[in-house]
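For the numbers below, each heavy atom of this structure counts, side chains included, while hydrogens, waters and symmetry mates do not. Numbers restart at 1 for each chain; the letters A, B, ... are given by sequence-line order, proteins then strands.
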Amino acid sequence: MPELPEVESVRNGLQPIVGRRIIRASLFRRDMLESLSAPLNIPRAMLQGRRVERIDRVGKQLGIIADGGSVLGIHLGMTGQMIVSHPDLPRSTHDHAHWVLDDGLALTFRDPRRFGGLRAAHSASELFENLGPDALEIRAKELKLGCGNSTRSIKAALLDQRVLAGVGNIYADESLFRARIRPSKECRCMTDDQFRALAGSIRKVLSEAISYGGSTLRDYRKPDGERGEAQRLHRVYGRAGMPCINCQTTLKSDTIGQRTTVWCPRCQ
DNA sequence: CGACCCCTGCGC
DNA sequence: GCGCAGGGGTCG
């Protein structure tokens with residue numbers, strides 16, 4: 001569900017827990033927690049007794065950084081939510097983890113489809129080690145390097161988190177539309193100008209979406225329960241068969257990189 | 001590289 | 001009832 005703008009909005013919504021101490025941590029499903037470096041002591045991995053120093057993010061990966069150097073990674077998958085509330089909020093079906101903090105705060109990790117999860121790490125760098133540069137700050141040179149001389153489509157490359165971290169299906173299509181590049185274009189055929197335009201579009205599309213609080217299509221919610229409004233900015237995603245906002249040509253749709261892809265056959 | 005799998009819920 | 005959904009991993 002969430003791409004970089006949604007995860008960044010979640011990070012912003014988690015600020016109330018920064019500086020708070022975790023009194024009690026509970027894990028309701030063991031298989032939702034994995035350890036990057038064994039062995040695994042659950043209360044320890046869940047940061048019980050620690051104070052939250054800050055929340056980091058690279059791409060779609062969040063990390064709760066605690067005192068003493070422990071790090072707990074959170075990946076929201078398609079339907080994951082982090083909910084800041086009170087300790088007495090009743091547990092619901094798809095809640096997998098719960099933290100009681102001081103100051104009357106509580107945190108819940110909920111994820112109906114269970115594509116997300118928690119990961120215990122020894123450091124932030126360990127948590128983020130397999131990710132490419134964060135998409136909010138992607139440079140044309142890095143994008144070109146990550147794509148290489150590959151025959152795969154530029155869209156598939158944008159979805160590859162080792163090339164750049166944070167772009168998913170919505171913002172890949174939106175960035176390609178703004179840069180006027182066809183999603184099926186092979187990486188090896190991209191010009192330097194196109195890499196420049198695409199890198200710029202990615203940064204712009206993502207930062208605008210953050211300022212709107214992320215896109216709420218179905219179940220995405222900020223930690224305070226509010227919806228994002230960035231879906232108002234979508235120019236091609238979800239608009240297959242409708243007219244292009246630039247030229248009125250009917251937007252096309254096909255599967256590229258295993259995902260539904262929408263583009264304007266004239267502008268792109 | 002693409003194909004297929006993981007899982008639940010929703011709208012048609 | 002079916003197909004689809006913002007995520008990723010593992011195969012061949």
Identify each atom pair where a protein N or O and an N or O of nucleotides 8-12 of chain B are less than 3.5 Å apart, giving names and distance.
{"residue": "B:dT8", "atom": "OP1", "partner": "A:Arg114", "partner atom": "NH2", "Å": "2.7"}
{"residue": "B:dT8", "atom": "O3'", "partner": "A:His94", "partner atom": "NE2", "Å": "3.3"}
{"residue": "B:dG9", "atom": "OP1", "partner": "A:His94", "partner atom": "NE2", "Å": "2.8"}

Where does DNA chain B pair, written as one dot-bracket string 5' to 3', with Watson-Crick or G-U pairs under 3.5 Å, ( ) inside the strand, [ ] for crossing pairs and | for another strand? ||||||.|||||

Quick one: [X] [atom1] to [N] [atom2], roughly how many Å, whole number?
X	N	atom1	atom2	answer
A:Tyr220	C:dG7	OH	P	14 Å
A:Glu3	C:dA5	CD	C1'	12 Å
A:Asp31	B:dC7	CG	C1'	11 Å
A:Leu217	C:dC4	CG	P	17 Å
A:Ile74	C:dG7	CD1	C1'	16 Å
A:Arg29	B:dC6	CZ	P	14 Å
A:Asp173	C:dG6	CG	P	9 Å
A:Asn130	C:dG7	CG	C1'	16 Å

Check whether the side chains of A:Ser70 and A:Arg50 place a donor and an acceptor atom closer than 3.5 Å, and report yes or no. yes

For a quick check under 3.5 Å, do A:Lys222 and A:Ser9 share a side-chain donor-acceptor pair by atom type?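 There is no such pair between these side chains.
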
Should we count NZ of A:Lys252 as having more than 12 external heavy atoms under 6.0 Å?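 Counting other residues, nucleotides and ligands, NZ of A:Lys252 stays at 12 neighbours or fewer.
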
Nucleotide N/O to protein N/O under 3.5 Å, stretch nucleotides 8-11 of chain C:
{"residue": "C:dG8", "atom": "OP2", "partner": "A:Lys60", "partner atom": "NZ", "Å": "3.0"}

Give every donor-acceptor pair under 3.5 Å between a side-chain atom in residues 19-32 of chain A and any protein atom, sequence neighbours left out.
{"residue": "A:Arg20", "atom": "NE", "partner": "A:Asp102", "partner atom": "OD1", "Å": "2.6"}
{"residue": "A:Arg21", "atom": "NH1", "partner": "A:Gly49", "partner atom": "O", "Å": "2.8"}
{"residue": "A:Arg29", "atom": "NE", "partner": "A:Asp31", "partner atom": "OD1", "Å": "3.0"}
{"residue": "A:Arg29", "atom": "NH2", "partner": "A:Asp31", "partner atom": "OD2", "Å": "2.8"}

Holding to salt bridge (charged side-chain N to carboxylate O under 4.0 Å, His left out), I want the full list of residues that pass it with A:Arg152, two or more places apart in sequence or in another chain. A:Asp160

Would you mind classifying the nucleic acid contact of A:Tyr171 as base, sugar-phosphate or nothing, using non-hydrogen atoms under 4.0 angstrom?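 Nothing, no nucleic acid heavy atom in range.
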
Salt bridge or not for A:Asp193 and A:Arg196, using N-O below 4.0 Å? yes

Of A:Leu76, A:Thr108, A:Ile55, the one forming a side-chain contact (heavy atoms from CB on, under 4.5 Å) with A:Met82 is A:Leu76

Once you round to the nearest 0.5 Å, how far does [atom1] of [X] lie from [atom2] of [Y]?
X	Y	atom1	atom2	result
A:Thr191	A:Ile181	OG1	CD1	7.5 Å
A:Cys267	A:Asn246	SG	CG	4.5 Å
A:Arg113	A:His94	CZ	NE2	11.5 Å

Taking only residues at least two apart or on different chains, which pairs with a member in residues 233-261 of chain A satisfy ring pair (Phe, Tyr, Trp, His ring centres under 6.0 Å)? A:His234-A:Tyr237

